[in-house]
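Heavy-atom basis, side chains included; hydrogens, waters and symmetry copies ignored. Treat the numbers as computed from the prediction; the structure is a model and nothing was measured. Letters A, B, ... mirror the listed sequences (proteins, then strands); counts begin at 1.
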Number of protein chains: 2
Amino acid sequence: MERRLNLEDVGRRAGVSRSTVSRVVNGGHVSSETKRRVEAVIAETGYRPHAAARSLASNSTGVIGLVIPSAAGTLFDDPYFGRLILGTSSATNEVGMTLALFLFGDGPDESSIISRVVTPGLVDGVIVTATTRGDPLIDHMQGANMPFVVVGRPDSAGSTFCVDVDNRAGARTAARHLAALGRSRPALIAAPSNTSAGIDRRNGFLEGLAEAGLSVEDRIEEGDWSQESGRTAMARLLAGQPDAVFVSSDRMAVGALRAVSEAGLNCPRDISVVSFDGIVPPDLTTPRLTSVVQPVTEVGERAVRLLTSVIGGAAAPEHVVFQTRLAVRESCGGAAPAETGA
Amino acid sequence: MERRLNLEDVGRRAGVSRSTVSRVVNGGHVSSETKRRVEAVIAETGYRPHAAARSLASNSTGVIGLVIPSAAGTLFDDPYFGRLILGTSSATNEVGMTLALFLFGDGPDESSIISRVVTPGLVDGVIVTATTRGDPLIDHMQGANMPFVVVGRPDSAGSTFCVDVDNRAGARTAARHLAALGRSRPALIAAPSNTSAGIDRRNGFLEGLAEAGLSVEDRIEEGDWSQESGRTAMARLLAGQPDAVFVSSDRMAVGALRAVSEAGLNCPRDISVVSFDGIVPPDLTTPRLTSVVQPVTEVGERAVRLLTSVIGGAAAPEHVVFQTRLAVRESCGGAAPAETGA
DNA sequence: GCCATCTTTGGGAGCGCTCCCAACCGTATT
DNA sequence: AATACGGTTGGGAGCGCTCCCAAAGATGGC
């Protein structure tokens with residue numbers, strides 16, 4: 001295996017200097033005749049510039065990191081993260097960069113991964129998601145002099161760049177829809193209250209109910225995003241005889257549907273179900289879930305674009321908020337106000 | 001923002017040379033007194049070595065690439081890839097490396113991503129998966145002088161390192177189980193025949209049936225891994241009045257179950273269903289799916305370990321084959337030979 | 001007390017690239 | 001004809017690190 005060739009070698013073969021070859025590769029000003037000759041040599045030799053050398057000299061790696069600090073084991077049971085990865089990956093490819101994935105487990109390796117994330121010369125910037133309230137990761141990033149964008153709404157929202165969906169407005173829409181359907185004993189399966197999405201969806205739903213003169217009273221349970229938690233939460237709620245329930249995530253809603261049928265009840269006849277996410281393929285459940293759809297892929301794409309602008313030196317912290325959309329299907333028992341923006 | 005500090009700076013502060021600091025960082029031989037002093041400076045200044053410089057000098061990046069050339073849009077509808085990413089990610093972290101993700105879309109960017117994968121100085125090696133028969137990507141990798149490992153069974157299995165599961169034996173087990181249950185009109189929903197998994201599962205199932213003196217006759221359809229394709233395949237198969245069906249993937253099986261119930265039939269009473277993968281959470285379906293379970297996470301982990309050995313200079317192409325396990329649940333209508341190794 | 005040996009340390013060379021400045025060419029301007 | 005000026009090109013310097021060799025100091029055997 002002969003030595004890899006470098007700019008100098010290519011230049012020698014083409015009868016030009018290293019610098020000229022570099023210009024051809026990077027699109028600088030070169031006479032067309034020279035350019036043609038150099039390109040011929042490149043094609044013939046299969047020369048490819050060395051990424052590490054480039055990074056070192058240009059102080060930019062062309063790599064974006066996606067950091068998901070979650071109990072890794074169950075991460076992909078929720079299609080949310082897959083979609084987010086998809087969105088970031090496609091946007092990353094589009095801008096000609098590479099995506100590095102940092103998934104934290106619960107292991108002792110966690111802190112070593114965190115420090116790897118902020119290693120200089122590894123990535124140009126980082127997208128952080130799935131953080132909880134008061135997550136030390138955010139502080140760590142801020143102290144590390146590494147461009148980053150948060151997906152979600154961090155505590156320190158004022159001083160960081162972030163991309164989020166309007167969880168609150170979306171949940172409010174769900175409440176209004178249920179109220180419009182004439183349901184009077186709504187229940188809530190909330191998402192973890194140590195996440196901004198969990199808090200916002202809960203508050204939004206309660207607000208929406210209040211507008212309609214309704215209340216969940218004690219018909220409220222908190223799940224942990226898992227299907228099983230949705231199921232047990234629903235089973236407990238059933239004691240309060242709700243006629244509607246807003247479940248803060250698709251995945252928990254699948255569990256809730258199961259609990260409903262296990263209790264011998266029928267959805268939507270006995271109880272309307274509306275979920276949040278719109279990620280689980282509708283055909284997966286019977287009845288198909290009515291849900292507040294959030295544009296996850298777009299969020300991922302936008303996060304990448306925002307990050308590139310931060311890397312490019314964007315100054316003022318910017319917040320991007322995507323709106324949700326209510327997709328009415330069978331589980332709510334009525335196509336009342338049709339699909340409507342949130 | 002002052003200049004990043006480098007080895008030289010740290011050395012100056014600690015009163016030693018660049019080389020000594022390097023030894024402290026990388027665990028070379030240094031007197032304990034010197035070591036203490038240098039470590040103090042590092043802790044105090046928060047010095048972190050520059051990854052690109054390191055890569056350039058040492059000719060090794062510490063990054064592993066995971067390449068999934070699939071129609072990206074539907075990629076994560078199948079939990080398989082999530083699991084695989086999880087497995088590779090955790091093993092990558094364990095060996096102190098970083099994972100880069102290359103997801104191809106169908107876009108025109110595809111070839112540019114392919115070439116990025118083999119860029120020298122970007123990754124040390126690559127794990128390739130989800131390739132089809134005759135996939136040019138494999139050839140491309142072989143020509144590129146880049147260490148790589150294939151997850152699955154490539155055409156050129158003889159000359160490449162790969163990690164696979166014994167699809168054939170697993171499918172055979174499914175056939176035997178169905179036969180043992182007394183089913184006599186088995187059907188097959190195959191996976192795409194341009195993939196080795198599709199071919200092996202089909203052949204394995206047919207072999208297993210033959211051993212038991214059974215045959216699918218014309219009760220065979222091919223799906224495209226999607227839930228919808230499983231549903232339409234099953235709907236068509238129903239005309240042949242099968243009393244059992246082996247579905248080559250969980251996801252297609254979910255669709256098949258739906259078709260069964262839409263036809264007013266009952267699974268498992270009227271028809272036994274056995275699937276392959278064991279990835280969809282059992283509680284997602286009613287009845288819960290009996291399936292041939294493949295250890296996806298372990299496959300991913302093993303692929304990383306194999307790749308590191310290839311990077312380290314492993315010589316003879318090695319094949320790792322994982323065995324599957326039949327998880328008997330309700331969809332097959334009988335706990336006959338219990339859970340059994342394949 | 002001298003030389004061989006080991007441990008510890010310093011610094012040169014070089015990885016392959018980008019960035020910048022100077023040199024050079026031919027042509028247009030005065 | 002002398003000067004000026006774009007368009008091209010070459011090469012020095014340097015990015016921050018690792019690798020290697022040699023120097024210096026410590027130790028021990030004879």
Side-chain angles (χ1 to χ4, degrees), chain A residues 1-39 41-42 45-63 96 116 118-124 145, chain B residues 1-39 41-42 45-63 96 116 118-124 145:
Chain A
M1 176 165 72
E2 71 284 13
R3 195 175 60 80
R4 266 186 36 71
L5 33 67
N6 58 26
L7 279 184
E8 201 81 50
D9 300 327
V10 174
R12 199 173 309 122
R13 291 208 192 206
V16 298
S17 77
R18 171 174 43 94
S19 301
T20 300
V21 180
S22 170
R23 281 183 206 104
V24 171
V25 171
N26 299 308
H29 248 195
V30 184
S31 76
S32 59
E33 158 57 14
T34 308
K35 182 172 179 184
R36 206 193 42 68
R37 213 167 59 241
V38 172
E39 279 172 344
V41 174
I42 290 178
T45 57
Y47 167 77
R48 311 232 63 227
H50 192 281
R54 221 175 209 186
S55 301
L56 179 59
S58 68
N59 195 29
S60 127
T61 64
V63 180
R116 196 162 344 116
V118 297
T119 300
L122 217 208
V123 298
D124 288 339
N145 193 28
Chain B
M1 177 167 68
E2 72 284 16
R3 196 176 57 83
R4 267 187 34 73
L5 33 67
N6 58 24
L7 279 184
E8 202 81 50
D9 301 325
V10 174
R12 198 173 310 122
R13 291 205 191 207
V16 297
S17 77
R18 167 173 49 91
S19 302
T20 300
V21 180
S22 170
R23 282 183 204 104
V24 171
V25 170
N26 298 308
H29 248 193
V30 184
S31 77
S32 59
E33 158 57 14
T34 307
K35 183 172 178 185
R36 206 194 41 69
R37 213 168 58 241
V38 172
E39 280 172 342
V41 174
I42 290 178
T45 58
Y47 167 77
R48 312 232 62 228
H50 192 280
R54 221 175 208 185
S55 301
L56 179 59
S58 68
N59 196 30
S60 127
T61 65
V63 179
R116 196 163 343 119
V118 298
T119 300
L122 216 208
V123 298
D124 289 338
N145 192 30

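Checking the phosphate oxygens (OP1, OP2) of dG10(C), a side-chain nitrogen or oxygen of Ser17(B) falls inside 4.0 Å. Put simply, Ser31(B) has a side-chain N or O that comes within less than 4.0 Å of OP1 or OP2 on dT9(C). Proximity of Asn59(A) to the phosphate of dT18(C): no side-chain N or O atom is located under 4.0 Å from OP1 or OP2. The shortest distance between the side-chain N/O atoms of His29(B) and the OP1/OP2 oxygens of dT7(C) is not below 4.0 Å. Between Thr34(B) and the phosphate of dT8(C), there is no side-chain N or O to OP1/OP2 separation shorter than 4.0 Å. Of the side-chain N and O atoms in Ser22(A), one or more sit less than 4.0 angstrom from OP1 or OP2 of dT18(C). At least one side-chain nitrogen or oxygen of Asn26(B) sits closer than 4.0 Å to the OP1 or OP2 atom of dT18(D).
The only member of Val41(A), Val24(A), Val38(A), Val30(A) that meets side chain to side chain contact (heavy atoms under 4.5 Å, CB included) when paired with Val16(A) is Val38(A). Residue Leu7(A) forms a side chain to side chain contact (heavy atoms under 4.5 Å, CB included) with just one option from Arg12(A), Arg18(A), His50(A), and that option is Arg18(A).
Checking Arg54(B) against Asn26(B) by side-chain atom types alone, a donor-acceptor pair falls below 3.5 Å.
Counting to the nearest Å, the C1' atom of dC17(D) and the CZ atom of Arg54(B) are 8 Å from each other.
If you check dC17(D), dG10(D), dT18(D) against the side chain of Ser58(B), the one that comes closest is dT18(D). When each of dT9(D), dG16(C), dC17(D) is scored by its nearest atom to the side-chain atoms of His50(B), the top-ranked nucleotide is dC17(D).
With salt bridges taken as basic N to acidic carboxylate O contacts below 4.0 Å, none links Glu39(B) and Arg36(B).
The residue Ser55(A) sits apart from the nucleic acid: no heavy atom pair falls under 4.0 Å. Nucleic acid contact class of Ser19(A) (heavy atoms, under 4.0 Å, all strands): base.
Within the helix from dG1(C)-dC30(D) to dT30(C)-dA1(D), the inter-axis angle between the opening and closing five-pair segments is 50°, rounded to 10°.
Interface remark: the Arg23(B) side chain does not form any donor-acceptor pair with the dT18(D) base, using a distance-only criterion of under 3.5 Å.
Counting non-hydrogen atoms of neighbouring residues, nucleotides and ligands closer than 6.0 angstrom, the CZ atom of Arg48(A) exceeds 12 such neighbours. Under a cut-off of 6.0 angstrom, the local environment of CZ in Arg37(B) is crowded, with over 12 non-hydrogen atoms contributed by other residues, nucleotides or ligands.
Comparing Leu56(B) and Gly15(B), the nucleotide of DNA chain C nearest to each residue sits closer to the 5' end for Gly15(B). Nearest-nucleotide positions on DNA chain C for Ala57(B) and Val16(B) put Val16(B) closer to the 5' end.
A distance-only check finds a donor-acceptor pair linking the side chain of Thr61(B) to the backbone of Asp124(B) [under 3.5 Å].
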